[in-house]
Number of protein chains: 2
Amino acid sequence: MGYRCLMAVDRDHVLRTAAALLTRKSTATMDEVARAAGISRATLHRQFAGRDALVRALEELGLAECEAALDAARPDEGPAADAVRRLVRAVEPAAALLAFLYTENQLFEGDQVNEGWNRLDARLTALFRRGQESGAFRLDLPPVWLTEALYGLLASGAWAVAEGRVARNDYTHLIVELLLGGALRREGS
Amino acid sequence: MGYRCLMAVDRDHVLRTAAALLTRKSTATMDEVARAAGISRATLHRQFAGRDALVRALEELGLAECEAALDAARPDEGPAADAVRRLVRAVEPAAALLAFLYTENQLFEGDQVNEGWNRLDARLTALFRRGQESGAFRLDLPPVWLTEALYGLLASGAWAVAEGRVARNDYTHLIVELLLGGALRREGS
DNA sequence: CCGCGATGAGACATCAACGTCTCACATGGG
DNA sequence: CCCATGTGAGACGTTGATGTCTCATCGCGG
């Protein structure tokens, strides 16, 4: 018996290929997704009941990667600003997928948003709140807004990189510096 | 003779209604768009050859509103930071439409992006560059990135408002303060 | 060598949106 | 009053993606 082990690795490969494709072309066909993954449409359909199931699986993948990045960033250790820096750096590989899911979720008109996003939002919001309470972050920008803005900047950055407007290596720096420091020069430096 | 004047006002009304609907549900049907505008699908088709034509028209509308907002903000007068503030305030009414077009354009895979966007990008980039050259903006964030980030924040803000996460009245303030000042408290204040 | 399971290729029906068409209506001007 | 124009309602064919199905093939273990 094969223990279905091959199916598992294939599934992950298909998922990541689909993520890479749908990130670039969010309206890609099931056939295109299958072709991109090097499998037939039939096999794709055997692993994911339909397009919805595929998107759901991508959602869980992106969510898991974000949570993993957040865990790796140790959001409760050290200055909040440094934690944000670590977080953005850690989440960079998943940024494109996150951008896809972020815009995709705009058309889930309130039906069922994966509960996982709420948990992730809560953790991010908590990080920003910690920054405020420690005196490092300003108080007139609500943690909820900072969370939302982080999503937006991650997506914008991913697209800017994809279109060649900014260098891939600058991605983390540009996002972190803008989110934390803003465009204005600081009086201190 | 009716001078076709009624068609003009109807066209504008349809366009704005479509903008409001597609902003919330980017996959809305032509039938839904027509119904939302209070007209029949046939009439909608008489005014816009197809869905593509409708999106193109929306693109021109959003572009025109952005250019108008930029004109009204007088981007060449006074401190660049104040100009950005005026710009965000002026572009707020068009923010939702801009958010729709911003994500919609992600799937124009390089074919034909309306030349108007390039002009708008150039004007925004020039504003940020002026801020750098005047010494007000930091130099390690390229104007191109600031432009891209502005789009992203405008979209994020529009969605956050639509979902009730932030108050509509705070929209301008939140975006401008984050874009210019960042999340960190400034040493000076 | 045989059989089992997974796969690829492709046919097939379904469905939703689209675009086009016709026809009836009603509204307003001549 | 009459007609021209714009409109609503709806039928119709087309298209593209989807989901399901069958069948031939291939690889691998027994």
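Protein chains get the first letters and strands the later ones, always in sequence-line order, with residue 1 at the start of each. Please read all numbers here as calculations on a predicted model, not as lab measurements.
Under the side-chain hydrogen bond (donor to acceptor under 3.5 Å, both in side chains) criterion, A:N118 pairs with A:E115, sequence neighbours left out. With sequence neighbours excluded, the residues forming a ring-ring contact (aromatic ring centres under 6.0 Å, His included) with B:W159 are A:Y102, listed by chain and number. Applying the side-chain hydrogen bond (donor to acceptor under 3.5 Å, both in side chains) criterion to B:S40, with sequence neighbours excluded, gives B:T43.
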Report task. Summarise how protein sits on nucleotides 16-24 of chain C as a single string, 5' to 3': B when a protein heavy atom is under 4.0 Å from the base, S for sugar-phosphate-only contact, - for no contact. Result -> -SBBB----
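Between A:W117 and A:Y151, the ring planes are perpendicular. Angles over 60° get that label, and only those under 30° would be called parallel.
The side chain of B:T43 places no N or O atom within less than 4.0 Å of a non-bridging phosphate oxygen (OP1 or OP2) of D:dT7.
In summary, A:R35 and A:D31 engage in a salt bridge, as defined by a charged side-chain N under 4.0 Å from a carboxylate O. Classification of B:E32 and B:R41 as a salt-bridged pair fails, no side-chain N sitting under 4.0 Å from a carboxylate O. Salt bridge present: A:E177 and A:R85 bring a charged side-chain N and a carboxylate O closer than 4.0 Å.
Rounded to whole angstrom, the span from the CZ atom of B:R11 across to the P atom of D:dG6 amounts to 16 Å. In this structure, A:D10 atom CG and C:dT7 atom P are separated by 7 Å, rounded to whole Å.
Rounded to 10°, the angle separating the first-five-pair axis and the last-five-pair axis of the helix from C:dC1-D:dG30 to C:dG30-D:dC1 equals 0°.
Within the structure, the side chain to side chain donor-acceptor pair (under 3.5 Å) test picks out the following pairs touching residues 61-70 of chain B (sequence neighbours left out): B:R16-B:E65, B:E67-B:R119, B:E67-B:R123.
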